[in-house]
Q: 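Have a look at the structure that comes next, please.
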Protein chains: 2
Amino acid sequence: MKNVVSLKSLAKELNISVSTVSKSLNDSEEISEQTKERVKNLAKLRGYSPNPIAVRLQKQKTMQIGVILPNIENPFFASVLKGIDELVSSSKYNIITFFSNESLEKEKECLDFFSKGNVDGILICIAEETNKKKTFDHIIDIKQKGIPLALFDRIPMQPLGFDAVQVNDYESIVSAYKYLESNKCQNIAFVSSIPTLIVGRSREEGYLSQTNNPTVIAFEDLEELKITLENTIKQGEIDGFIAADINATLLCNAVLQKQGFTPGKEVSLIGYVNAVQNDLSYPKISYIDQHPQEIGKQTAKILLLRLESKLEDIPVSDIVLNTTITIGDTSR
Amino acid sequence: MKNVVSLKSLAKELNISVSTVSKSLNDSEEISEQTKERVKNLAKLRGYSPNPIAVRLQKQKTMQIGVILPNIENPFFASVLKGIDELVSSSKYNIITFFSNESLEKEKECLDFFSKGNVDGILICIAEETNKKKTFDHIIDIKQKGIPLALFDRIPMQPLGFDAVQVNDYESIVSAYKYLESNKCQNIAFVSSIPTLIVGRSREEGYLSQTNNPTVIAFEDLEELKITLENTIKQGEIDGFIAADINATLLCNAVLQKQGFTPGKEVSLIGYVNAVQNDLSYPKISYIDQHPQEIGKQTAKILLLRLESKLEDIPVSDIVLNTTITIGDTSR
DNA sequence: CTGAAAGCGCTTACAG
DNA sequence: CTGAAAGCGCTTACAG
């Protein structure tokens, strides 16, 4: 199945010992230049490459990083993964990706698999269910096993003692609110399909901090959300919408248009979108850019750092990245 | 770093040999029920789990499948990956995912890494550059190394002798054309941002087969595509658009709307979209559903099958899946 | 400068 | 039914 050329076969062909071959290939000081040359030449000629599994067993390192994503079909996570990949693929590690599909049970299974000696480090965004039930024991357990782990995006309120990378959700919404306000919006509503998610709550709090007369339209069920949205919009009192997630954003934009409103004229909308596709669409929705690739890169960076450093005592980092607002057609 | 409990430690504690412990845990017939019990109990008590790296070295199998995707930010590939994951995660393999970012060079590197004993099988959709340059030697090489490989989505014209899963692109467009035609479209144009991609060509041919008076608007550069599209639409002669890919679809829809057309009224549009997001948008674009998850599942299924079967002689399969047309608001 | 030996943690013929 | 030995393909003290 694999290469038949091994250290042993090279050694036999050169009539020297396996140890000498190994050391030569690893450029050991102990070996004469001449021997190294001979060995390296033959190795190249025979197309030798070390059996990675054997190396891992010997070195007691898997050279793999486990990644757990809630849902790959969410473009936010796809972009985060791209960011992770960019950093990791330029290191000597590679990535095993699992999807929890927002399920706590599945998340546990993944973590369990990882912790059984399958990876050297873990990158995880917790599942919605985990977030809701606030069950974090399976994550905390990982610390006991001495496997470095870094969290991103959905970071539990109570600190778990892991490296974490998130975005300033609260402030992002405050900025969005202020932007709308400074552009003649008098009555701004908040729309969300993620009312229980950590990030959703922070965003809602950001909104609530800005108004004494809040209108919050929040349902996990998209059908319910849609109906409530339709009724609210029909009333015609709201002239500004801040949407907390991509689904709420698309839905809000759709209902507005369907009712004959032109987002950007009588009414404004700022939300969260998939930047690539939004760019090609009309109207371009004004949106909060979380720079998901950057989130991925930063998280991977921390983990790689921790994997390199022997010292356990580098302090736990809690990185908060800034978002930016990109103004499109749906606000002015 | 990992579990300190090993076969050796269990053996010592039980005062029996490592081989007996190993066999007990693997439910060998050779061992007495009583000993098995003792061993299993202690193993559970101590939380033993076999070192996967050691098992792999012994078994000469990595238990990993390498996946190469052109671009994870394309929702089509994200869904394919989800399909792959669904099948593979229920097997005893797991997935290492690499992204070629549409680059031939990067694709070669990934394949090279995989072929050096890092995976047991490979799933790949070739990069755009690979497709363009028609350079397939690096893929054919994999066959020599005896590593099963399956292609999906972008399948080279000349058969390479690998399992392949694709979609009936030609016929899909023919159906779309016929649908528009039967709904009073007189002058149907074809819009594409993937003129050189295999799938793009098949789709174009499908279109060309249906008309003597074709209007093909095809540019890889989205800006160019947009400008040409604007001019064509301004002329007002086209009353039906078939778009060959997600970018062309979104762009076409956007330009139509921006020029005051209502897709679904004076003019129709059928294209390719991200189903999840399209569902929440307005207008819902009528689209050809490729069932990307199914593509992923089928491809993974074939590979797993080939990995299980010892016999090299199961015939190469070339699976062509059917698409379906989902009618939304932009056609009737 | 080179090589024999032990070991990483397992499995599996083979003996007893 | 149990265990000693060899081996998967490497690396690395340790001797010479």
Side-chain angles (χ1 to χ4, degrees), chain A residues 1-40 42-43 46-64 92 115-120 145-146, chain B residues 1-40 42-43 46-64 92 115-120 145-146:
Chain A
M1 167 148 280
K2 236 273 317 216
N3 250 334
V4 283
V5 32
S6 61
L7 288 187
K8 202 203 275 186
S9 73
L10 293 177
K12 190 184 295 178
E13 193 167 348
L14 289 168
N15 247 311
I16 57 180
S17 77
V18 168
S19 4
T20 305
V21 176
S22 173
K23 287 175 190 160
S24 298
L25 260 16
N26 290 322
D27 251 332
S28 161
E29 298 289 301
E30 301 180 39
I31 308 293
S32 73
E33 280 308 320
Q34 194 197 341
T35 315
K36 283 192 198 173
E37 274 299 299
R38 289 215 309 144
V39 173
K40 286 181 183 173
L42 187 69
R46 295 279 170 265
Y48 171 77
S49 68
N51 180 320
I53 309 287
V55 175
R56 288 168 200 181
L57 179 59
Q58 221 295 134
K59 292 251 172 87
Q60 297 285 82
K61 293 194 62 172
T62 66
M63 301 320 280
Q64 307 207 295
K92 46 194 179 30
S115 70
K116 283 180 170 157
N118 285 287
V119 300
D120 294 335
K145 312 217 174 171
Chain B
M1 166 148 280
K2 235 275 316 219
N3 250 334
V4 285
V5 34
S6 61
L7 288 188
K8 201 202 276 186
S9 74
L10 293 177
K12 190 185 295 179
E13 194 167 348
L14 290 168
N15 249 311
I16 57 179
S17 77
V18 168
S19 3
T20 305
V21 176
S22 173
K23 287 174 190 162
S24 299
L25 260 15
N26 289 323
D27 251 333
S28 162
E29 299 288 301
E30 300 179 40
I31 308 294
S32 73
E33 280 308 320
Q34 193 196 341
T35 315
K36 282 192 198 173
E37 273 301 299
R38 289 214 309 143
V39 173
K40 285 181 183 172
L42 186 69
R46 294 278 171 267
Y48 171 76
S49 68
N51 180 321
I53 308 287
V55 175
R56 288 169 199 180
L57 178 59
Q58 221 295 135
K59 292 252 173 85
Q60 296 287 78
K61 293 193 63 171
T62 66
M63 301 320 279
Q64 307 206 297
K92 45 194 181 23
S115 70
K116 284 182 170 158
N118 285 288
V119 300
D120 294 334
K145 311 217 173 172

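All values reported here derive from a predicted model rather than from experimental measurement. Computation of the quantities below employed the complete heavy-atom set of this structure, encompassing side-chain atoms and omitting hydrogens, waters and symmetry-equivalent molecules. Proteins get letters first, then strands, A, B, ... in listed order; numbering begins at 1 in each.
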Q: Can you check the distance between C:dA4 and D:dG7, where both ends of the measurement are the P atom (answer in whole Å)?
A: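 Approximately 16 Å lies between the P atom of C:dA4 and that of D:dG7.
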Q: Which residues in residues 10-19 of chain A have at least one heavy atom lying under 4.0 Å from any atom of DNA chain D?
A: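 Those residues are A:V18, A:S19.
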Q: Quickly work out the B:I53 CD1 to D:dG7 C1' distance and round it to whole Å.
A: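 To the nearest whole Å, that distance equals 18 Å.
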Q: It should be established whether B:Y48 places a side-chain nitrogen or oxygen under 4.0 Å from OP1 or OP2 of nucleotide C:dC10.
A: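 Looking at the OP1 and OP2 atoms of C:dC10, one of them is under 4.0 Å from a side-chain N or O of B:Y48.
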Q: Salt bridge (Lys or Arg N to Asp or Glu O under 4.0 Å) with B:K40: which residues, sequence neighbours excluded?
A: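 Partners of B:K40 under the salt bridge (Lys or Arg N to Asp or Glu O under 4.0 Å) test: B:D27.
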Q: Partners of B:R56 by side chain to side chain donor-acceptor pair (under 3.5 Å), sequence neighbours excluded?
A: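 Per chain and number, B:R56 pairs via side chain to side chain donor-acceptor pair (under 3.5 Å) with A:N118.
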Q: Kindly say if A:Q60 contacts the phosphate of C:dG9, meaning a side-chain N or O under 4.0 Å from OP1 or OP2.
A: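 So the side chain of A:Q60 is within the cut-off, an N or O lying under 4.0 Å from OP1 or OP2 of C:dG9.
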Q: What pairs with A:E29 under salt bridge (Lys or Arg N to Asp or Glu O under 4.0 Å), at least two apart in sequence or on another chain?
A: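 By the salt bridge (Lys or Arg N to Asp or Glu O under 4.0 Å) rule, A:E29 matches no residue at all.
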Q: Give a yes/no answer on whether the side chain of B:Q34 brings an N or O atom under 4.0 Å of OP1 or OP2 in D:dC1.
A: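 It does not, given that no N or O in the side chain of B:Q34 lies less than 4.0 Å from OP1 or OP2 of D:dC1.
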Q: Nearest-Å distance, CG (A:N51) to P (D:dG9)?
A: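 Distance, rounded to whole Å: 7 Å.
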Q: Which dot-bracket string describes DNA chain D (Watson-Crick N1-N3 plus N6-O4 or O6-N4, or G-U N1-O2 and O6-N3, all under 3.5 Å; [ ] crossing; | other strand)?
A: |||.||||||||.|||
Q: Taking side chain to side chain donor-acceptor pair (under 3.5 Å) as the definition, give me every residue that meets it alongside A:E30, ordered by chain and number, with sequence neighbours left out.
A: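 For A:E30 the side chain to side chain donor-acceptor pair (under 3.5 Å) partners, ignoring immediate neighbours, are A:K23.
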Q: List in chain and number order the residues that pass salt bridge (Lys or Arg N to Asp or Glu O under 4.0 Å) with B:K12, two or more places apart in sequence or in another chain; answer none if no residue qualifies.
A: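 None.
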Q: Side chains of B:Y48 and B:L7: does their closest heavy-atom pair fall under 4.5 Å?
A: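 B:Y48 reaches B:L7 side chain to side chain.
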Q: What residues form a side chain to side chain donor-acceptor pair (under 3.5 Å) with B:Q58, not counting sequence neighbours?
A: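 B:Q58 satisfies side chain to side chain donor-acceptor pair (under 3.5 Å) with no residue once adjacent residues are dropped.
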Q: Once side chain to side chain donor-acceptor pair (under 3.5 Å) is applied, do any residues pair with B:S22, and if so which ones, sequence neighbours excluded?
A: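 So B:S22 forms no side chain to side chain donor-acceptor pair (under 3.5 Å) with any residue.
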Q: Just by distance, do the side chain of A:K145 and the backbone of A:G117 share a donor-acceptor pair under 3.5 Å?
A: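 Not at all, since once roles are kept as given, no pair shorter than 3.5 Å links the two residues.
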Q: Starting at CG of A:L7 and ending at P of D:dT12, how long is that distance when rounded to a whole Å?
A: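 In whole Å, D:dT12 P and A:L7 CG are 12 Å from each other.
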Q: Once you round it to whole Å, what is the distance between P of C:dC10 and NZ of B:K59?
A: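 About 12 Å, once rounded to whole Å.
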Q: For DNA chain D, find the residues of residues 20-33 of chain A with a heavy-atom distance under 4.0 Å and give them by number; none if there aren't any.
A: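 Going residue by residue through residues 20-33 of chain A, the ones with a heavy atom under 4.0 Å of DNA chain D turn out to be A:S22, A:K23, A:N26, A:E30.
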Q: Taking only residues two or more places apart in sequence or in another chain, which ones pass side chain to side chain contact (heavy atoms under 4.5 Å, CB included) with B:K59?
A: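 Only B:V55 meet the side chain to side chain contact (heavy atoms under 4.5 Å, CB included) criterion with B:K59.
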